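Keep in mind that what you see is a predicted model, and the values were worked out from it rather than measured. Residue numbers start from 1 in every chain, and the chains themselves are labelled A, B, ... in the order their sequence lines are given, proteins ahead of strands.
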Amino acid sequence: MSIPIKTVVPRQIDTIKMNPEIISLVKEYFTELSEPSLQEEIAKVGVIREFKEGEIIMNFGSFVTAVPLVVKGSIKVVREEEEDNKEVLLYFLNAGETCSMSFSCCMMDKRSDIRTTAEDDSKIIAIPIKHVNDWMSKYPSWRNFVMRSYDSRMQELVKTLDSIAFKKMDERLWEYLLKRSKAHHSNIIHSTHQTIANDLNASREAISRLLKQLEKKGAISLERNKIVLL
DNA sequence: ACATTAAGTGATT
DNA sequence: AATCACTTAATGT
């Protein structure tokens with residue numbers, strides 16, 4: 001049988017289709033981006049991408065080609081210490097948020113210092129970087145949005161910094177658990193003690209013991225691969 | 001039933 | 001609090 005070769009339909013430049021799904025997602029999760037013309041542009045150039053739980057979205061060293069607007073799920077942002085292969089958990093990105101690191105990477109045209117993985121099944125609107133810059137001068141709300149996400153991310157980082165510097169492991173663990181349950185909108189956390197230990201740069205045994213204490217206090221209950229906050 | 005992986009324990013530094 | 005050297009428990013094949 002012969003299959004007719006499909007010719008590429010030439011696309012009119014001035015009438016790129018808007019993706020209506022993107023418009024409604026922006027309206028729902030990024031209310032700050034209120035200018036209709038901005039929303040339209042996002043709907044034209046944005047691409048919806050979905051990631052399965054555990055999937056690596058961006059690895060170290062790769063060039064950042066798009067800025068993500070997270071609309072569903074949770075994304076884990078991690079930095080690696082070159083020397084001894086250790087990871088530092090920077091933060092989780094949830095719906096309605098964006099990655100400040102990607103802004104700076106794309107504006108400096110730098111390779112990524114970080115790795116992002118889908119903590120949950122996640123969905124993002126990917127904005128190709130060339131627009132990210134254009135919109136900075138074109139749309140005040142976009143500029144504010146970028147600035148504000150820098151600011152809140154900075155605060156977040158300062159918090160984790162002094163958590164590491166001044167807090168004991170048990171407090172850090174508790175904060176970590178709260179953060180994760182919040183990110184998943186669920187008080188059930190699916191994770192091994194080993195993974196938690198890696199995120200907090202602690203040993204597995206230490207985490208196991210601290211979790212046991214929390215269980216005794218009645219704050220959580222433990223099962224294999226599962227922690228339930230009470 | 002057996003192998004593999006996760007979690008628990010105690011001793012040592 | 002880390003590391004080691006186990007043990008025990010849960011799960012996958």
Side-chain angles (χ1 to χ4, degrees), chain A residues 49-62 68 70-97 99-102 111-124 152-230:
Chain A
R49 300 189 60 191
E50 295 187 67
F51 299 93
K52 297 238 176 72
E53 180 178 342
E55 205 174 332
I56 294 178
I57 296 171
M58 184 166 305
N59 217 331
F60 308 107
S62 55
V70 182
V71 294
K72 186 192 137 200
S74 178
I75 291 170
K76 184 176 170 183
V77 182
V78 163
R79 186 180 151 69
E80 180 155 325
E81 193 185 276
E82 296 276 350
E83 294 128 36
D84 41 9
N85 203 32
K86 283 197 172 177
E87 290 186 350
V88 184
L89 172 70
L90 293 182
Y91 45 75
F92 291 102
L93 288 175
N94 300 313
E97 298 179 327
C99 182
S100 308
M101 293 301 284
S102 70
R111 282 168 190 276
S112 168
D113 295 327
I114 56 171
R115 178 171 62 209
T116 55
T117 53
E119 180 71 11
D120 250 349
D121 292 355
S122 303
K123 193 180 199 177
I124 66 171
S152 57
R153 202 50 69 192
M154 185 67 80
Q155 285 180 25
E156 170 104 23
L157 283 177
V158 169
K159 266 207 294 190
T160 54
L161 175 63
D162 66 36
S163 157
I164 290 170
F166 304 122
K167 291 190 179 161
K168 289 184 200 144
M169 203 54 225
D170 54 349
E171 290 175 88
R172 292 182 56 202
L173 175 61
W174 182 241
E175 283 173 8
Y176 172 88
L177 293 175
L178 290 179
K179 227 184 255 186
R180 286 199 52 178
S181 99
K182 212 172 154 192
H184 294 109
H185 307 291
S186 152
N187 48 347
I188 300 165
I189 297 166
H190 290 275
S191 175
T192 66
H193 297 182
Q194 184 64 63
T195 317
I196 298 171
N198 289 341
D199 285 345
L200 296 173
N201 288 303
S203 69
R204 192 213 92 228
E205 293 92 323
I207 297 301
S208 288
R209 283 166 181 146
L210 290 171
L211 285 170
K212 256 277 118 79
Q213 282 176 225
L214 285 171
E215 190 181 34
K216 254 181 217 159
K217 283 201 291 186
I220 60 175
S221 73
L222 296 172
E223 282 167 59
R224 181 181 239 242
N225 276 320
K226 190 174 162 194
I227 299 166
V228 183
L229 306 217
L230 302 172

Subject >> Check: R172(A)/Y176(A) side-chain N/O donor and acceptor closer than 3.5 Å >> reply: no

Checking Q213(A), H193(A), Q194(A) against S208(A) for side chain to side chain donor-acceptor pair (under 3.5 Å), the one that qualifies is H193(A)

For D120(A) and G73(A), the nearest pair of non-hydrogen atoms, with its separation, is CB-CA, 4.2 Å

In whole angstroms, the gap separating C1' of dT5(B) from NE2 of H190(A) amounts to 17 Å

Rounded to whole Å, CZ of R204(A) lies from P of dA1(C) at a distance of 16 Å

Margin query: Under 4.0 Å, counting only non-hydrogen atoms across every strand here, what does N201(A) touch: a base, just sugar-phosphate, or nothing?
Written below: sugar-phosphate

L214(A) CG to dG8(B) P, in whole Å, measures 12 Å

Can you confirm if the NZ or CZ of R111(A) lies within 45° of the ring axis of F60(A) and under 6.0 Å from the centre of its six-membered ring? no

Between CD of Q194(A) and P of dA2(C) the distance, given in whole Å, is 12 Å

On DNA chain B, more 5' by nearest nucleotide between T192(A) and R209(A) is T192(A)

Atom CG of N225(A) and atom P of dA9(C) are separated, to the nearest Å, by 17 Å

K179(A) bridged to E156(A) by N-O distance under 4.0 Å
yes

Looking only at dC4(C), dA6(B), dA2(C), the nucleotide nearest the S203(A) side chain is dA2(C)

From the candidates dA2(C), dG8(B), dT3(C), the one with an atom nearest any side-chain atom of E205(A) is dT3(C)

Q: Please state whether the base of dT11(C) and the side chain of R224(A) form at least one donor-acceptor pair under 3.5 Å?
A: no

### Message
Whether H193(A) contacts dG8(B) is assessed here as follows: a side-chain N or O lying under 4.0 Å from the phosphate OP1 or OP2. Is that the case?
### Response
yes

Here the distance between atom P of dA2(C) and atom CE of M169(A), to the nearest Å, is 7 Å

Taken to the nearest whole Å, CD1/I196(A) to P/dG8(B) is 11 Å

Task: Short side-chain N/O contact to dA7(B) OP1/OP2 from K212(A), under 4.0 Å - done: no

Rounded to whole Å, CG of L211(A) lies from C1' of dT9(B) at a distance of 15 Å

